[in-house]
Amino acid sequence: MKIAYDPIYTHPVPENHRFPMEKYALLQEQLLWEGICQPTDFFTPEKVAMEDLYLAHMPTYVQDFVGLHLEERTRIRIGFVQSQQLVDRELTLVQGTIVGAEYALSERVAFNIAGGTHHAYSDRGEGFCMLNDQAVAAAYLLERGKARRILIIDLDVHQGNGTAEIFAQRPEVFTFSMHAQGNYPFVKEQSDRDIALPNGVGDAAYLAQLSAVLPNLFQQHQPDFVFYQSGVDVLESDKFGKLSLSLAGCRERDRLVFEACAQRQVPVQCSMGGGYSPRLSTILEAHTQTFKVAQEVFDIYS
Ligand SMILES: [Zn+2]
């Protein structure tokens with residue numbers, strides 16, 4: 001199981017919000033501590049090539065971001081203080097998802113310990129997202145002929161608005177987002193399939209909807225590659241979430257996704273997405289069980 005590591009020295013500083021940056025380093029430690037992963041499973045990515053970013057982002061936006069020339073208005077929407085370290089982190093984070101996707105092609109499943117930056121549009125960033133890691137990696141696989149039909153399953157509690165915009169005109173990428181209707185982004189984009197849930201939806205209703213829709217998505221689009229954004233801000237404990245999943249419900253959610261991929265022998269790259277429960281241990285447990293479930297599922301179907 002290959003996992004792109006997020007080097008802690010490049011962690012950016014949030015501008016206005018408390019953003020749990022510590023979780024990325026702690027998650028690695030937790031995975032090692034529980035014996036879910038070995039040190040050799042982790043790789044530290046290089047920086048992504050600019051040409052690869054241009055597959056999903058406008059060159060002018062990328063150049064402004066990398067050159068630290070973003071307009072004030074864009075910077076505020078992103079929510080991070082812009083710095084060279086932030087740029088470096090983003091460039092390695094995206095490469096981690098690209099390399100992870102290539103690992104998934106041979107190993108069936110791979111992870112990015114960070115990523116899931118689905119609010120990044122082709123020409124701007126917002127909501128803590130600057131470059132859309134899974135969108136760039138999806139476009140990269142298509143460009144290199146490594147995948148022909150891609151399904152993006154975005155189960156973060158917030159809509160994958162940037163991803164929806166980036167692939168709006170590309171039928172070979174099917175974007176699916178299941179999210180809280182009453183949550184950010186308040187003006188939503190149109191994914192190929194959106195399920196907008198009312199506030200407070202719990203395990204039973206959530207899992208019923210997801211297990212009903214997944215077979216249809218695979219049947220309809222016939223993907224040969226899946227990207228999974230596994231944000232754990234669907235938890236009842238989440239500060240920003242507005243849904244009410246338990247940890248067990250969140251684990252079942254992950255199981256449904258990995259089983260759908262494994263049963264059909266479709267490789268999957270998974271990025272972590274959001275998670276803002278007040279106790280860091282809850283966030284870590286939820287993210288950790290995503291790795292554990294993937295391991296269990298892919299062992300069964302090996
Ligand atoms: Zn989120």
[X] versus [Y], closest heavy-atom pair with distance:
X    : Y    : result
R77  : E126 : NH2-OE1, 2.7 Å
M178 : L197 : CG-CD1, 4.0 Å
I36  : Q295 : O-NE2, 2.7 Å
T290 : C270 : CG2-SG, 4.0 Å
I3   : C37  : CD1-SG, 3.3 Å
C261 : V268 : SG-CB, 3.9 Å

Given 3.5 Å as the limit, does a donor-acceptor pair link the side chain of T74 with the main chain of L70, or not?
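Absent.
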N161 side chain vs K188 backbone, donor-acceptor pair below 3.5 Å
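Side chain of N161 to backbone of K188, a donor-acceptor pair under 3.5 Å: no, none is there.
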Flag yes if [X] and [Y] sit in one hydrophobic cluster, no otherwise; membership is Ile, Leu, Val, Met, Phe, Trp, Tyr, and two members link when side-chain heavy atoms are under 4.5 Å apart.
X    : Y    : value
F291 : L247 : no
V99  : L131 : no
V293 : W33  : no
L214 : V234 : yes
L86  : Y121 : no

Checking salt bridge (Lys or Arg N to Asp or Glu O under 4.0 Å) for the pair R144/D52: CA distance, chi angles, key distance, verdict?
CA-CA 11 Å; R144 298 227 175 3; D52 291 338; 3.2 Å; yes
Rounded distance [0.5 Å steps], [atom1] in [X] versus [atom2] in [Y]:
X    : Y    : atom1 : atom2 : result
F111 : M272 : CZ    : CE    : 5.5 Å
E46  : L91  : CD    : CG    : 11.5 Å
H179 : H118 : NE2   : NE2   : 10.5 Å
Y103 : M1   : OH    : CE    : 14.0 Å
Q269 : I152 : CD    : CD1   : 10.0 Å
S211 : R255 : OG    : CZ    : 13.5 Å

Decide yes or no for V266 and D224: does some side-chain heavy atom of the first lie under 4.5 Å from some side-chain heavy atom of the second?
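Sidechains of D224 and V266: no contact.
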Taking the side chain as C-beta and beyond, is there a heavy-atom pair between I98 and V136 under 4.5 Å?
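Contact flag for I98/V136 side chains = yes.
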Could you walk me through whether S237 and S277 pass the side-chain hydrogen bond (donor to acceptor under 3.5 Å, both in side chains) check?
CA-CA 5 Å; S237 56; S277 292; 2.7 Å; yes
For ring-ring contact (aromatic ring centres under 6.0 Å, His included), just list the numbers for F258 and Y228, CA-CA rounded to whole Å, side-chain angles, deciding distance to a tenth of an Å, and then say yes or no.
CA-CA 9 Å; F258 290 125; Y228 176 32; 5.6 Å; yes
If we check side chain to side chain donor-acceptor pair (under 3.5 Å) with T97, which of these qualifies: D133, N132, T117?
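Exactly one candidate clears the test, D133.
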Between [X] and [Y], does the ring centroid distance fall short of 6.0 Å?
X    : Y    : answer
F128 : F80  : yes
F43  : Y5   : no
H57  : F65  : no
F174 : F176 : no

Using a 6.0 Å cut-off, check whether atom [atom1] of [X] has over 12 heavy atoms from anything other than its own residue.
X    : atom1 : answer
Q219 : CD    : no
M58  : CE    : no
Q190 : CD    : no

Using a strict 4.0 Å threshold on nitrogen-to-oxygen distance, state whether [X] and [Y] make a salt bridge.
X    : Y    : value
K146 : E102 : yes
D64  : R124 : no
K2   : D41  : no

Using the salt bridge (Lys or Arg N to Asp or Glu O under 4.0 Å) rule, take K47 and D88 through it: C-alpha gap first, then chi angles, then the decisive distance, then the call.
CA-CA 7 Å; K47 289 181 194 167; D88 291 345; 3.3 Å; yes
Q159 vs H119, test: side-chain contact (heavy atoms from CB on, under 4.5 Å). Steps then yes/no.
CA-CA 8 Å; Q159 194 210 22; H119 301 310; 5.9 Å; no
Measure up the H158 and Y184 rings against each other and bin them: parallel (under 30°), tilted (30 to 60°), perpendicular (over 60°).
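It falls in the perpendicular class, over 60°.
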